[in-house]
2 protein chains.
Amino acid sequence: MNTTQSNGTRKACDLAARPPRERILLAARDLFYRHGLHTVGVDAIAEAALTNKMTLYRHFKSKDDLIVAYIQQLASEGDEVWERIFSENPGDPQKRLDAWVDFVEEVFSNKLERGCALANAAVELDSEHPAKALIESYKRRKRGQLEKLFKDARYHDPRLLADEVFLLFEGARINIQCGKRGPASRVVQMLRKLLASGRRRNRPEGNAKSERRNDTAL
Amino acid sequence: MNTTQSNGTRKACDLAARPPRERILLAARDLFYRHGLHTVGVDAIAEAALTNKMTLYRHFKSKDDLIVAYIQQLASEGDEVWERIFSENPGDPQKRLDAWVDFVEEVFSNKLERGCALANAAVELDSEHPAKALIESYKRRKRGQLEKLFKDARYHDPRLLADEVFLLFEGARINIQCGKRGPASRVVQMLRKLLASGRRRNRPEGNAKSERRNDTAL
DNA sequence: CGAGTATGTTACCGATCAGTACCTAAACGT
DNA sequence: ACGTTTAGGTACTGATCGGTAACATACTCG
């Protein structure tokens, strides 16, 4: 089949006429997520990347190194989502929260039958694996960003709320692997209900000007 | 170094003078939980069980068969915990719920640095693995039992409450692998707060002890 | 005792896997 | 044109792993 489509400089996303390192990371992302880190061999990744094992080892000095790159890729993309939500809703913490829930809803509406790739990787990785620390710091960062958002949006008890929302999200993604019609299918409703019931009413969010942190309600 | 202690018929729990199948299951339980299903080989299990690979294969026809037995063991023990909570609090759904939360608290106070063994196994297992269905049905059963308990204790919206409590518990156990001082360390407080705020007041169990006001779910 | 059974021990097979050596072919800038 | 870099391909090594064969030993129970 034709891999080099008509327009050469186009940023074709699903084509395989891209630099090999990118192809390898794409293949690793797909296979690692679907089948786990340990069950997927480097040969299978190289083959899925339309290349061979030697080229893989020219770009990654070991399989563990590839795993680290895989984790870094996922983490930075998650951070980019967060930054996009921030930049698209400037200065309005409440809108950012709502946009985040919309994002969660979109995540669950897409194929997610294997849950959170980072959490799954953490299950398979030893405590000493260098990727493990990346996952831990990512998860900690996300929870902290949630808490800060709740604080900025003047919610009651932002720490508790962030804990609850974060754990519900985590629990839903681990539990979706035990069936798509379980409690995970209703997590978005739960999140929306949590946000509604925890919202502060004496502080209307009409003017979007104060992205300051001096107004810490609690 | 004496493994056969003085009292022979004693039900010594940590000794290794037990039938080999039991030793193998104990070793598998420890190693599978600590290091995962794929990274632990049958040789390591046999060695930890103070026996050898042949004896292992006389009791389990394959490693997958041992994995199934490992999952069945965990599931039946979880069911026994639930039955014990029931029998120790006869006819009182609220007491049973409180006892369950106490059990959860005990779980988190003990060593749990690797989260839920069943959830971790589900991450590592393919969808076609026979143990996967066991895990799914176990998780579904636990959530259903929680919902029935909330219903019997006359809580508002037992389905939603069971979803929330279940996902919080699941999320806490997957997240504890990213650090013991994270939101998982506060999940018991969250559960107690959820139970307190969701309790129905117009239908007291023993007396008119109106607990909470209205619809603040969390 | 003796026969049958459960267990221990060693050695091995075949497959898979991470990682490498070596060579060839294309792309590239000068 | 040229040399350099990058990528593809093949074949290999060494280790590990799941699983088995064959034999030796211990235990149990009639």
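Side-chain atoms are counted along with the backbone in the values below, which use heavy atoms only and exclude waters and symmetry mates. Every chain is numbered from 1, with letters handed out A, B, ... down the list of sequences.
Counted by atom type alone, B:N52 and B:T55 present one or more donor-acceptor pairs between their side chains at under 3.5 Å. Side-chain contact annotation: A:K148 with A:Q145, donor-acceptor N/O pair under 3.5 Å absent.
Panel note: side chain A:R23, backbone A:R18; a donor-acceptor pair is recorded below 3.5 Å. For the pair A:Y33 (side chain) and A:G115 (backbone), a donor-acceptor distance under 3.5 Å is present. Within the 3.5 Å criterion, the main-chain N or O of A:T39 finds no donor-acceptor partner in the side chain of B:H38.
Across all strands, A:T51 comes closer than 4.0 Å only to sugar-phosphate atoms, never to a base (heavy-atom distances).
Along DNA chain C, the nucleotide closest to A:K63 and the one closest to B:N52 are compared, and the more 5′ of them pairs with B:N52.
Across residues 29-48 of chain B, not one residue has a non-hydrogen atom less than 4.0 Å from an atom of DNA chain C. If you check residues 120-131 of chain A against DNA chain C, you find no residue with a heavy atom closer than 4.0 Å.
The existence of a salt bridge linking B:R192 and B:D102 is confirmed by a sub-4.0 Å separation between a basic side-chain nitrogen and an acidic carboxylate oxygen. We find that A:R96 and A:D152 are not joined by a salt bridge, their nearest charged nitrogen and carboxylate oxygen being 4.0 Å or further apart. Under a 4.0 Å N-O distance rule, the pair B:E170/B:K142 does not qualify as a salt bridge.
The distance between atom CE of A:M54 and atom P of D:dA11, rounded to the nearest whole Å, is 15 Å. The distance between atom NZ of B:K61 and atom P of D:dT20, rounded to the nearest whole Å, is 11 Å. A:R18 has its CZ atom 15 Å from the P atom of D:dA7, to the nearest Å. Note: CG (A:L66) to P (C:dA18) measures 10 Å, nearest angstrom.
Of the candidates D:dA7, D:dT10, D:dA21, D:dA7 carries the atom nearest the A:H59 side chain, counting heavy atoms from C-beta on. Closest to the side chain of B:T55, out of C:dT7, C:dA18, D:dG8, is C:dT7. Closest contact between the side chain of B:Y57 and the listed nucleotides C:dG8, C:dT20, D:dG19 involves D:dG19.
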Taking only N/O atoms, report every protein-nucleotides 23-28 of chain D pair under 3.5 Å with atom names and distance.
none

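For B:R159, there are no salt bridge (charged side-chain N to carboxylate O under 4.0 Å, His left out) partners two or more places apart in sequence or in a different chain. With sequence neighbours excluded, the residues forming a salt bridge (charged side-chain N to carboxylate O under 4.0 Å, His left out) with A:E77 are A:R29, listed by chain and number.
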Could you list the donor-acceptor pairs under 3.5 angstrom formed between side-chain atoms of residues 175-184 of chain A and any protein atom two or more places apart in sequence or on another chain?
| from | atom 1 | to | atom 2 | distance (Å) |
| --- | --- | --- | --- | --- |
| A:Q177 | NE2 | A:R114 | O | 3.4 |
| A:Q177 | NE2 | A:N120 | OD1 | 3.2 |

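If you check distances only, the side chain of A:K53 does reach the base of C:dG19 with a donor-acceptor pair under 3.5 Å.
Remark: A:R23 is in phosphate contact with D:dG8, judged by side-chain N or O atoms under 4.0 Å from OP1 or OP2.
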